[in-house]
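The next block holds one structure in the form of structure tokens; read it before the comments.
Residue numbers begin at 1 in each chain, while the letters A, B, ... track the order of the sequences. Owing to the predicted nature of the structure, the values given are computational and were not obtained by experimental measurement.
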Amino acid sequence: MVSADAEIKAALHTALQHAQQAGELPAGELLAEIPLERPKDETLGDLATPISMQLARILRLAPIQIAETLVRHMPVLESIAELQAVRPGYINMRYRAEWLTNQIEAILSAPEHFGEVSLGEGRSVQVEFVSANPTGPLHIGAARNAVLGDTVARVLEAAGYRVEREYYVNDAGSRVRMFGETLYARYAQALGVDAEMPADGYMGAYMVEMGSAIVAEAGRQYLEMERSQAVADLGREGLRRVVADIESDLALMGIHYNRWFSEASLYHDGTYDTAIAILERGGYLEQHDGALWFKASAFGVNKDEVVVRSDGTPGYFASDIAYHYDKFVLRGFDRVIDVWGADHQGHVPRMHAMLQGLGIDPQRLTILLYQLVTLKRSGEIVRLSKRTGDIITLREVLSEVGSDAVRFFLLARDANSQMDFDLDLAKEQSDANPVFYVQYAHARTCSILRHATDIDYSAGDLALLTEPAEQTLMRRMIRLPDVVRLAAQNLEPHHLTYYAQELASALHAFYRDCRVVNLEPGTEAITAARLKLVAACRIALARTLVLMGMSAPEVM
RNA sequence: GCCCCAGUAGCUCAGCGGAUAGAGCAUCUGCCUUCUAAGCAGUCGGCCACAGGUUCGAUUCCUGUCUGGGGCGCCA
């Protein structure tokens, strides 16, 4: 699809040069970047540039005078029909009708690609998200991570990146041992043995259930082997089950990973040793107080970080070093995005320092932080704790609220802003819910098209669509690529939710103002044109919903 | 004490240095014999937390203050 923006910016540049050569504008430095914006008020125009205001000081002329001069020198454009210099000094522009309808035709000729932009140019990016400890079911707090990560991945795919989704399975370390101990106790209890729960064990009911389930399948065999062996084996078996549950929970939200990466594998295949040796060679490791430290202070970070504890076991940072060495060096991703809750925010500088220590450009790693979600039920904040078992699981919420609503709600806010997720509200909101508003618009387009199954509208002439509602709808539709670009550039998928509502709104207004399927004689041409528009709009709505990971129902 | 995020309509929140600051919900008022009323139209509602600064121009950038959340472990 032709980029109107690029064409216009180039033309403004040309106009400026011509005006200067003609002596109508004084010589002066040109702006590095030509600003182009979409007026908030759609009646002002489709695009506008405040360039004259920025040039006013450099050229020592009134903005409006510069704007008028530039308009006179603008070359003829494929995308723009009229230019107008107005009030403070804006140049407002309106799309050429033919260009606009061509964009709509383009949607119909490549439906599955509508909204795609070439930003990534085939570069590879790994998005690692959720990665919650596999010691219990996912709780609702993980959902924001899941939605953010998966939607960023979808947006980046649409923006031309080669994307891989990954879940980092923390299957090494002390928590996993504790998990095994807990499961051993629950397993033994299920067999009537009076086993004691470890002091810091996982108290949730799911451990009890898992203990019983393993008894049902495997009998007493773990009681008959050596205890430490049984704890290890049960831990591994329990982990396998929890990971399987996590996988199916996320699948319920349409989230599928390319890879489930084992933390423990980093220590078995030599990755850890290799990565640590690089830091050692660089002189970034230091032994003191019985532990091995990474000298983040060598990179201007205020605190060092423990790599190997004084008891000889590697800490989580040791794994992070090896894991990111694997991501960047062994697998060679151009970019990596780690999605983290804001409670881990303090570690970001040390992650970048560590990459520098490994000789990797830290700019290749983006740590996408999101503020934590507080969960409300009946107006009260619900505390979350895996240890006490007082949790609300993602699965519960999904069955109560549904994947589409969970995704939309969690996506609709900037990751940087805190949010309350009110369970009662999410459940109650059925018809007043923006989720249904958008999906209903899609269902409505399908409904219209069902009424026209006998009509061949392939030759419909979009030039006939001159009603304001038709014009507005077309303009909203072709904005999707801009939204994708914005969301991909800033890693801000929440823009999609606002766009979706605006697009749906335009469709509903069109439905009110313009009768589509009309069987009266003499209306064939306009009916065909409108059907074509509706068909294209259905694609735009469906693509938007798909980008948000939501379903696009044909009937509601 | 130091670091990070936020403070915009009654509520939940958008707003990439530019025009009269927007949406949904809530309030109030209209609109279904015609392609789905899960819809549409209208109404009410704002010292953009506060104080300075930079700028032709600040809700947006900078500094400080206040308020809320998160962090400052040989936890992850």
Side-chain angles (χ1 to χ4, degrees), chain A residues 35-41 44 48-51 53-57 62-63 86-90 92 131-133 170 173-175 289-293 302-303 305-317 319-320 340-349 369-372 374 409 412-420 422 425 429-441 443-452 469 482 485-486 489-490 492 494-495 497-499 501-502 504-505 507-519 527 530-531 534 553 555-556:
Chain A
L36 200 60
E37 60 188 47
R38 199 172 305 282
K40 279 180 264 188
D41 183 349
L44 290 172
T49 177
I51 186 174
M53 264 115 51
Q54 296 179 1
L55 287 169
R57 188 160 49 123
V86 295
R87 249 200 312 173
Y90 284 98
N92 291 341
S131 301
N133 277 326
N170 299 112
S174 58
R175 293 219 174 166
D289 297 330
L292 182 67
W293 297 74
N302 54 352
K303 289 188 68 180
E305 184 84 31
V306 167
V307 179
V308 180
R309 303 185 191 97
S310 50
D311 68 1
T313 60
Y316 81 93
F317 195 67
S319 301
D320 274 340
W340 288 4
D343 53 339
H344 293 79
Q345 148 273 126
H347 297 280
V348 172
L369 297 170
Y370 61 92
Q371 297 297 314
L372 300 182
T374 54
F409 270 73
R413 288 155 181 83
D414 186 322
N416 282 328
S417 59
Q418 298 163 220
M419 63 177 295
D420 294 337
D422 191 320
L425 201 72
Q429 275 192 332
S430 47
D431 30 342
N433 196 317
V435 177
F436 299 115
Y437 182 80
V438 175
Q439 291 181 323
Y440 182 60
R444 203 166 223 183
T445 58
C446 295
S447 170
I448 295 169
L449 294 171
R450 273 195 299 275
H451 278 267
D482 292 341
R485 188 179 295 107
L486 178 67
Q489 249 162 3
N490 301 343
E492 290 175 347
H494 70 275
H495 294 297
T497 62
Y498 291 89
Y499 171 73
Q501 291 177 85
E502 285 167 15
S505 171
L507 185 272
H508 290 311
F510 161 77
Y511 180 85
R512 175 202 63 213
D513 289 345
C514 303
R515 175 79 202 180
V516 178
V517 180
N518 197 330
L519 299 176
T527 291
R530 284 177 176 165
L531 281 169
V534 169
V555 181
M556 284 178 76

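Across all strands shown, A/A48 has heavy atoms under 4.0 Å from base atoms, whether or not it also approaches the sugar-phosphate. In this structure, A/A342 reaches the sugar-phosphate backbone alone: every heavy-atom distance under 4.0 Å involves primed, P, OP1 or OP2 atoms, never a base. A/E502 comes within 4.0 angstrom of no nucleic acid atom, judged by non-hydrogen atoms across all strands. Across all strands shown, A/V307 has no heavy atoms under 4.0 Å from either base or sugar-phosphate atoms. Counting non-hydrogen atoms under 4.0 angstrom, A/P349 reaches nothing in the nucleic acid. Residue contacts for A/Y511: at a heavy-atom cut-off of 4.0 Å it reaches a base atom on one of the strands shown. Among the atoms of the strands shown, base atoms are found under 4.0 Å from some heavy atom of A/N92. Within 4.0 Å of A/Y498, counting heavy atoms only, lie sugar-phosphate atoms of the nucleic acid but no base atom. Within 4.0 Å (heavy atoms only), A/H494 reaches sugar-phosphate atoms of the nucleic acid but no base atom. At a threshold of 4.0 angstrom between heavy atoms, the contacts of A/A452 with the nucleic acid are absent. Within 4.0 Å of A/P88, counting heavy atoms only, lies no atom of the nucleic acid at all. Contact annotation for A/N490: no contact, since no heavy-atom pair falls under 4.0 Å across all strands. If you check every strand for non-hydrogen atoms under 4.0 Å, A/S310 touches a base. Using a 4.0 Å heavy-atom cutoff across all strands shown, A/C446 reaches no nucleic acid atom at all.
Among B/rA19, B/rG39, B/rC74, the nucleotide with an atom closest to any side-chain atom of A/Y437 is B/rG39. Distance from the side chain of A/R87 is smallest for B/rU20 among the nucleotides B/rA37, B/rC5, B/rU20. Nearest to the side chain of A/D343, among B/rA19, B/rC74, B/rG71, sits B/rG71. You'll find that the side chain of A/R309 is closest to B/rC74, out of B/rC5, B/rC74, B/rC40. Among the nucleotides B/rA19, B/rC5, B/rG70, the one closest to any side-chain atom of A/L372 is B/rG70.
Between A/R413 and B/rA6 there is no side-chain polar atom (N or O) within less than 4.0 angstrom of OP1 or OP2. A close approach under 4.0 Å does not occur between any side-chain nitrogen or oxygen of A/S174 and OP1 or OP2 of B/rC74. Taking only side-chain nitrogens and oxygens, A/K40 comes nearer than 4.0 Å to OP1 or OP2 of B/rA19. Contact check, A/R512 against B/rA41: a side-chain N or O comes under 4.0 Å of OP1 or OP2.
We find that CZ of A/F317 is positioned 16 Å from C1' of B/rC72, with the value rounded to whole Å. The nearest whole Å value for the distance from the NE2 atom in A/H344 to the C1' atom in B/rG69 is 16 Å. As a whole-Å value, the separation of A/K303 NZ from B/rC2 C1' is 11 Å. Rounded to whole angstrom, the span from the CZ atom of A/R57 across to the C1' atom of B/rG17 amounts to 13 Å. Put simply, CZ on A/F510 is 18 Å from C1' on B/rA41, counting in whole angstrom units. Taking atom CE of residue A/M419 and atom P of nucleotide B/rA14, one finds them 9 Å apart after rounding to whole Å. Separating the CD atom of A/Q345 from the C1' atom of B/rC72 is a distance of 9 Å, rounded to the nearest angstrom. Across the protein-nucleic acid pair, A/M53 atom CE and B/rA19 atom C1' stand 7 Å apart, rounded to whole Å.
Between the A/T49 side chain and the A/P35 main chain, a donor and an acceptor come within less than 3.5 Å of each other. Between the side chain of A/D414 and the backbone N or O of A/N416 there is at least one donor-acceptor pair closer than 3.5 Å. Side-chain atoms of A/R38 do not come within 3.5 Å of backbone N or O of A/K40 as any donor-acceptor pair.
As rounded to the nearest Å, B/rC5 and B/rU43 have P atoms that lie 39 Å from one another. Here the separation of B/rC50 from B/rU8, taken at their C1' atoms, is 14 Å to the nearest Å. Taking the P atoms as reference points, B/rC35 lies 26 Å from B/rA26, given to the whole Å. One C1' atom belongs to B/rU54, the other to B/rG45, and the distance between them is 34 Å to the nearest Å. To the nearest whole angstrom, the two C1' atoms, one in B/rU12 and one in B/rA6, are 14 Å apart. With both ends at atom C1', the span from B/rC11 to B/rG7 equals 15 Å, rounded to whole Å. When the P atom is compared between B/rU55 and B/rU60, the two are found 16 Å apart, to the nearest whole Å. When the C1' atom is compared between B/rA14 and B/rG73, the two are found 38 Å apart, to the nearest whole Å.
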Residue pair A/Y499, A/D482: steps toward the side-chain contact (heavy atoms from CB on, under 4.5 Å) verdict: CA-CA 10 Å; A/Y499 171 73; A/D482 292 341; over 6 Å; no

Stepwise side-chain contact (heavy atoms from CB on, under 4.5 Å) check, A/F409 with A/N433: CA-CA 10 Å; A/F409 270 73; A/N433 196 317; 3.5 Å; yes

Test side-chain contact (heavy atoms from CB on, under 4.5 Å) applied to A/V555 and A/R450, step by step: CA-CA 10 Å; A/V555 181; A/R450 273 195 299 275; 3.6 Å; yes

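Mapping A/R515 and A/D414 onto RNA chain B by nearest heavy atom places A/D414 at the nucleotide closer to the 5' end. Taking for each of A/C514 and A/V86 the nucleotide of RNA chain B with the nearest heavy atom, the 5'-most of the two is the partner of A/V86.
Remark: RNA chain B forms stems of 3 or more consecutive Watson-Crick or G-U wobble pairs, all pair distances under 3.5 Å, at B:1-7 with B:66-72, B:10-13 with B:22-25, B:28-31 with B:39-42, B:49-53 with B:61-65.
Counting heavy atoms from C-beta outward, A/S505 and A/Y437 have side chains that approach closer than 4.5 Å. At least one side-chain heavy atom of A/L531 sits less than 4.5 Å from a side-chain heavy atom of A/T527.
Taken from OH in A/Y370 to CD in A/Q418, the straight-line distance is 13.5 Å, to the nearest 0.5 Å. Expressed to the nearest 0.5 Å, how far CE of A/M419 lies from OG1 of A/T374 amounts to 8.5 Å. We find the CG-NE2 distance between A/L372 and A/H344 to be 9.5 Å, quoted to the nearest 0.5 Å.
Applying the 90° criterion around 0 to the glycosidic angle, B/rC56 comes out anti.
Side-chain N/O atoms of A/Q54 and base N/O atoms of B/rG17 include no donor-acceptor pair closer than 3.5 Å.
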